Amino acid sequence: MAVTEPLEEKAIALGMTLDELSQVRRLLGRDPTDAELAMFSVEWSEHCGYGRSRSWLRLFPKEGKFPPLVGGDAGGIEVAPGLFVLFKMESHNHPSQIEPKGGAATGIGGIVRDILAMGARPIALLDALRFGDPSDPKARYIFRGVIDGIQWYGNCIGVPTVAGEVAFHPAYQTNCLVGVMCVGVARAKELMTSVAKGPGNAVVYVGNKTGRDGIGGCSVLASQELKESLSLRPAVQLGDPFTEKCLIEACLEAFQTGAVVAVKDMGAAGLTCSTVETAAAGGVGMIVDLSLVPRREAGMEPWEVLVSESQERMLLIVERGREWEVERIFRKWGLAFAVIGRIIEEPVLRYYDGDQLIAELPPQVVASAPLYSLSAQEPAHLKEKRSFDFSTLPEPTDWESVLLGLLSDPDIADKSPIYEQYDHMVQTNTVVPPGAGDAAVLALKDYERDLAIAVTADCNSLYCSLDPYWGAQLSVAEAARNLSCVGAEPAGVTDCLCFGNPDKPDRYWYFVESVKGIADACRRLGVPVVSGNVSFYNESPTSVILPTPFIGMIGVLSNVAHHTTAGFKKEGDAIFLLGVPSGSLGASRFLRVVFGLEVGSPPALDWDREIQVQSACRRAIREGLVQSAHDVSEGGLAVALAECCILGNIGADVQLSRTHLPPSFLPLSSLLFGESPAQIVVSVDPKKKDDFIRLLNDLGCPFVFLGQVTGDRFCIALEGQSLLDLPVTEIADGWRSGLSSYLTR
Amino acid sequence: MRFGIIVFPGSNCDRDCWYVVTQGLGQDARFVWHQETDISDIDAVMLPGGFSYGDYLRVGAIARFSPVMNAVRRFAEDGGLVIGICNGFQILVEAQMLPGAFLRNAGLRFRCRPTFIRVENNATPFTVLCRPGQVLQIPIAHADGRYYADEATLNQLEKEGRIVFRYCDPSGQVTESANPNGSARNIAGLINETGNVLGMMPHPERASSKLLGSEDGLWIWKSLIHSFQTCGSVVPR
């Protein structure tokens, strides 16, 4: 930064607006120094300051059956007295678009440190991904790079990647989405906060050394539209999973000494964010000497040290006089440890470079990013798309090829080529591994003998693009249904809300409607939203992403033995549908795959029915009455049944009745491939059939008998007339090849 | 009996191994930091899986220089039982306590999945309770698990019965398609000349509970404990 450059130009180069600069001037009553300006630029960036989203996020419910824990680096729920599960999802989209492997890897690193900063041991990772059309080489390069980054970092740090979701659409071609979620566990006495306290206590820097990587990562890169360019590469951080693994162990060991008062990840906005936010939370000040910050690069300017986003670093506040107890542990793990400052009573942050004062700011001022009130407006074309006239479409005649087409659609196809690259077993808690059930189930054996949690990440972007309010609600409903299908009670939500440029009213409308949808859905479900992240500006000059509010949800199983998986289990079992067949084709995968259409309204959601079906499913699992459970989602009933056959490596004979046909256009397509919530396919041992039916009748839950698990063919007939009849091996081949072909090319 | 679980920076299956031998099998165990030099209180040494030193440079290549490895070597020379799992196997090979080398998986990718292995030699302290030819379902999770040695070494290993486990299909057939990583002759585990040091790529600690889908790993742990309790170790110390 040249000395002669006017402040205005410097501010713009740092990603600030001139309005923000004059606000800074007003708040300080003077011009900011270079270092101060850099600090404001990162703290007030949308990525850190949430100036465009904060007011809407207040809509989220914070109460549920399980006591929530909110307000820290991550949120959580108390799953048993004195035992907390902490979780949060965060995006790393622009870095991954520019440098796929490094961007995805450091996304993992950051979210893991957020969980660690709560005092929790990270026990699981999930990833929610979106890429461009996989037949495009650039999209495939990003796809493969992101998977590679997740496996490289996640596997090395010994945290299993147990669940996730991936979808492809041309709208993500210039803007991939990488949502990463981490789950951790802590006992009440182990919980940590990021509230700095105690004048005289040491401000301690631990972990990796600081370099010039990631400068402007949260401001220039994450809070603006993406003009892809190699020149942005330095704004992407460099990850080192080995150091992260050591940092996890060293931090957990250090917390046990009781000498650590507070802790904060040095993630986005690095040292600035961690010092400002811990001080602001505690109402104290700090004196920090930047010359004491461990560096891996000579000649760094003080402002660069303040905003660098070098990875694997944490800020600790350590009790005065006990620094050595903590230092010993970090030295043992081969990590940097430096006392870089002290807490002071006066609420002001003074940053020195040796003797020279380079920044002096009240933490509250830097921490309160300005709030923006933006206009939101529904895009004009949406109503027309929603009211598409289905009567113009012909009913297909070859149901077998429709089924095979859907099964090999990369969004529906087998995801094992991805999750086999992730260590999903380390820590030996993975009871239901990825692919086996609708959600992953993790035992908490190190804490409570029988207790387990289930985790899932979901979002139907197509629904959200046509109706963000109901699309978001349906995504929440599906996440909950996935948990219910493994036997878990939905207990808490985190979100990762990815949208385009919020300064454009149509983009902002999607965001606002989605937030309202999530808030209303979570209220109906009785689960709190405990943490989350907003990612705007997911657009390039050529395209904008589909609105994608990822939902991460945690469920609780009071007894780990009472879980189930999705595949049919044995010959002779009866197949039932919980709920009512009511396939709706609007915004369906069927329309996209068969007709290339993305139109219509997402299916209607009846929360009473949804909750009834889910709780009946959980109850049946808990009472040991079902052998398998799998929800009807993308691809509808036929795809759900086919997946149950493929996963169980066994056939099914399904007999549908004319009474099941919905009174709509394309009735057969709707019945077979329509998508409606509140439907779960279960299989039941004949010996337990009577008990199962009695339970459903007692609960008043509607159900339909569909047929039998049998043989090695997948057959569906209507009134005794065969609609499709395929060997399970053939549908399995289609399902398995859908995605793998894109990973090897 | 007391297990010593060696912890290198980057080990990540150390706690899983500890859980199985203490909580699952009721034995004593302690973590041994890689800089320790005295392991005289230990009855059997475990080198757990993970990414010691981030697997930087080459898998296991840095860990073998850790101070504890001298103690482990002496322990083995005195006839003590040593089991290296995954990264632990790779370290034993780098330390030349077992022959051969590891290459990148044939598919070039990390693979985490259930595999089946056949017990090729049940006259070892680690398999003594297994039937000959018994098939065990134990998962793998590695990127560099392709075992390699020259033909002469492989022939010698075969002749001396030192190949303890081979990847196979569920029925016990040793086939190419059952080989998850391209290992020479489907080798999944082998022992040293004196029979008291075992290296294996699959993770028995991940297959020691019904809840996790397989208890077959218990055959290995129980064999090891049985061997120690009946003879102290294979070779008299």
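A note on names: the letters A, B, ... follow the listed sequences, proteins ahead of strands, and every chain is numbered from 1. For clarity, every value in this text was computed on a predicted model and none was experimentally measured.
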Side chains of residues 105-112 of chain A: which donor-acceptor pairs under 3.5 Å do they make with residues two or more places apart or in other chains?
from, atom 1, to, atom 2, distance (Å)
A/T106, OG1, A/H92, ND1, 3.4
A/T106, OG1, A/G102, O, 2.8
A/T106, OG1, A/G103, O, 3.2

| query | Are more than 12 heavy atoms from other residues, nucleotides or ligands located less than 6.0 Å from atom CG of A/D450? | reply | yes
| task | Begin from the C-alpha positions of B/D14 and A/E249 and carry the test side-chain contact (heavy atoms from CB on, under 4.5 Å) through to its verdict. | result | CA-CA 12 Å; B/D14 44 339; A/E249 299 304 330; over 6 Å; no
| said: As an exercise, state the distance from CZ of B/R113 to CD of A/Q421, rounded to the nearest 0.5 Å. | reply: 13.0 Å
| request: Would you indicate whether A/K332, at its atom NZ, is surrounded by more than 12 heavy atoms from other residues, nucleotides or ligands within a distance under 6.0 Å? | output: yes
| request: Answer with side chain, backbone, both or neither: which region of B/S208 has an atom nearer than 4.5 Å to a non-hydrogen atom of chain A? | output: neither
| request: Can you tell which part of B/R109 gets under 4.5 Å to a heavy atom of chain A, answering side chain, backbone, both or neither? | output: side chain
| Is there any residue in residues 435-445 of chain A with a non-hydrogen atom under 4.5 Å from a non-hydrogen atom of chain B, and which ones are they? | A/K445
| task | Report, by ascending residue number, the residues of residues 422-434 of chain A in heavy-atom contact with chain B at a distance under 4.5 Å; give 'none' if the set is empty. | result | A/Y422, A/D423, A/H424, A/M425, A/V426, A/Q427, A/T428, A/N429, A/T430, A/V431
| task | Might you point out which heavy atoms bring B/F51 and A/N155 nearest each other, and give the distance in Å? | result | CE1-O, 3.2 Å
| message | Does any backbone or side-chain atom of A/I248 lie under 4.5 Å from a heavy atom of chain B? Answer side chain, backbone, both or neither. | response | neither
| request: Taking all heavy atoms of B/G54 and all of A/C156, pick out the closest pair and write down the distance. | output: CA-SG, 4.1 Å
| query | Nearest 0.5 Å, what's the CD1-CZ distance between B/I62 and A/F242? | reply | 7.5 Å
| task | For chain B, find which of A/H563, A/E420, A/K245 contributes the most heavy-atom pairs closer than 4.5 angstrom. | result | A/E420
| remark: Ranking A/D446, A/T243, A/D240 by heavy-atom pairs under 4.5 Å to chain B gives rank one to A/D240
| Proximity breakdown for B/R15 and chain A, heavy-atom pairs closer than 4.5 Å | side chain
| task | For the pair A/W333 and B/W33, name the ring-plane relationship: parallel under 30°, tilted 30 to 60°, perpendicular over 60°. | result | perpendicular
| task | Measure B/Y56 against the heavy atoms of chain A and call it side chain, backbone, both or neither at under 4.5 Å. | result | side chain
| field | Nearest-0.5 Å distance, OH of residue B/Y53 to SG of residue A/C246 | value | 8.5 Å
| query | Under 6.0 Å from the CG atom of A/N649, do we count more than 12 heavy atoms belonging to anything else shown? | reply | no
| field | Partner set under side-chain contact (heavy atoms from CB on, under 4.5 Å) for B/Q137, not counting sequence neighbours | value | B/P114, B/F116, B/S214, B/D216
| Which bit of A/Q151 comes within less than 4.5 Å of chain B, counting heavy atoms only: side chain, backbone, both or neither? | side chain
| query | Does atom NZ of A/K569 have more than 12 heavy-atom neighbours from other groups under 6.0 Å away? | reply | yes
